[in-house]
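In this chain, residues are counted from 1 in sequence order. These numbers come from the heavy atoms of this one structure, side chains and all, not from hydrogens, waters or symmetry mates.
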Amino acid sequence: MKKIGQGLSYTVYELPNNRVLKKPTFNFYKFSKLLFWSIRYRFNLSLVEKLSSIISSGKESISVLRENIDKIDSKIIGNPIFCDSLEYTQEELVILKDYFNSHSLDENKKIVDNYIQNTFQTWKNGFSDIDFNFAMNSGVNKTGFVVLADINGLCFDKNELAELIKKQVWLDKHSFKHLIDGDLKKYFKQEMCLHLTLENLDKFWKNLE
């Protein structure tokens, strides 16, 4: 299999029929990346705590999704098929940071709009991306639909998500801080702060039953 990408928690391999296989990275690799980032970005949390949190959150997310996949609108997370352990396959996507680099401002604004709508759809299904590192964690499928690509570390608690919304945590994320297009950055901030509100959380959230 051809390796086509690697994040902190998963290595991505190309499969036939426009799908990918995601295999968990080794814990030593995770620790090494966290050590590099801690030096570069000055984490306050200890590496052991952060690594432990990432591992436990990932296991919980995959476990809950696997157990409830028949109740979830799976197209909003790339129609995953879960394998043994923490491996899963998913439809192949163009990650947003790559999409933004090859499309116009107007096209990219529409993707931001669709990203917000995808977020609402996850809320309707009882979970949410907890990181909001949108340019890395979401992608566009072959039909132009925005999908949450990273399902390794989700929030299933409405109250926990409410605290993140109050803090507008997306403004502190790498994806926002390093968004090169100033006009798109301004649009993202405006639309996220306008739509990702406690009122909309109450409107859209439904507990996963």
Side-chain angles (χ1 to χ4, degrees), residues 5 7-13 15-25 53-96 99 110-165 169-170 173 175 192 195-209:
L8 177 64
S9 298
Y10 279 86
T11 304
V12 185
Y13 298 91
L15 292 176
N17 301 318
N18 297 307
R19 291 187 68 83
V20 297
L21 171 66
K22 292 189 172 180
K23 296 174 68 71
T25 56
S53 175
I54 289 170
I55 293 172
S56 62
S57 178
K59 288 181 178 178
E60 178 190 18
S61 296
I62 298 301
S63 176
V64 172
L65 291 178
R66 179 189 282 115
E67 292 173 4
N68 293 277
I69 194 64
D70 292 338
K71 306 174 188 176
I72 293 171
D73 181 5
S74 62
K75 73 174 182 293
I76 65 177
I77 50 174
N79 295 305
I81 298 174
F82 296 102
C83 312
D84 295 335
S85 186
L86 299 177
E87 291 185 14
Y88 62 95
T89 68
Q90 192 179 38
E91 66 180 318
E92 189 171 7
L93 306 167
V94 178
I95 298 303
L96 293 195
Y99 185 97
K110 289 179 181 177
I111 291 299
V112 169
D113 296 340
N114 291 338
Y115 167 76
I116 292 171
Q117 291 304 312
N118 176 258
T119 301
F120 289 160
Q121 290 302 314
T122 64
W123 293 0
K124 291 178 181 179
N125 284 266
F127 63 91
S128 178
D129 176 21
I130 199 171
D131 194 38
F132 292 104
N133 199 17
F134 66 99
M136 303 297 297
N137 292 353
S138 292
V140 182
N141 66 15
K142 61 182 180 180
T143 66
F145 187 77
V146 174
V147 167
L148 178 59
D150 188 349
I151 55 175
N152 180 65
L154 302 175
C155 175
F156 300 95
D157 186 322
K158 181 183 177 184
N159 293 328
E160 180 182 355
L161 182 56
E163 292 303 311
L164 300 178
I165 292 172
V169 295
W170 47 87
K173 300 300 179 177
S175 289
M192 288 287 285
H195 295 291
L196 263 66
T197 62
L198 296 179
E199 291 76 15
N200 277 335
L201 179 61
D202 287 336
K203 176 181 177 181
F204 292 117
W205 184 269
K206 292 182 181 177
N207 287 326
L208 190 57
E209 299 177 354

Q) Which pairs count as side-chain hydrogen bond (donor to acceptor under 3.5 Å, both in side chains) when at least one residue sits in residues 150-161, sequence neighbours excluded? A) Ser9-Asn152, Lys158-Asp202
Minimum heavy-atom separation for [X] and [Y], please, with both atom names.
X	Y	result
Thr25	Gly7	CG2-O, 3.9 Å
Leu86	Tyr10	O-OH, 2.7 Å
Ile76	Asp73	CG1-O, 3.0 Å
Pro80	Tyr88	CB-CD1, 4.2 Å
Ala149	Gly139	CB-N, 4.4 Å
Gly144	Asn114	O-ND2, 4.3 Å

Rounded to the nearest 0.5 Å, how far does [atom2] of [Y] lie from [atom1] of [X]?
X	Y	atom1	atom2	result
Ile95	Glu92	CD1	CD	9.5 Å
Trp123	Asp129	CH2	CG	11.0 Å
Arg19	Leu93	CZ	CG	10.0 Å
Ser61	Ile130	OG	CD1	8.0 Å
Asn125	Leu148	CG	CG	11.5 Å
Glu91	Phe145	CD	CZ	8.5 Å

Within a strict 4.5 Å, meaning less than it, do heavy atoms of the [X] and [Y] side chains meet?
X	Y	result
Ile116	Met192	yes
Thr119	Trp170	no
Ile62	Ile151	yes
Asn137	Phe132	no
Leu65	Ile72	yes
Glu60	Phe156	yes
Leu21	Thr89	yes
Ser175	Asn133	yes

Q.
Strictly distance-based, threshold 3.5 Å: is any side-chain N or O of Thr122 a donor or acceptor partner for the main-chain N or O of Phe127?
A.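 Side chain of Thr122 to backbone of Phe127, a donor-acceptor pair under 3.5 Å: yes, one is there.
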Q: Kindly say whether Val146 contributes a backbone atom to a donor-acceptor pair with the side chain of Asn118 at under 3.5 angstrom?
A: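 Confirmed, Asn118 side chain pairs with Val146 backbone.
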Q: Could you label the plane-to-plane angle of the Phe204 and Phe120 rings as parallel, tilted or perpendicular, counting under 30° as parallel and over 60° as perpendicular?
A: parallel
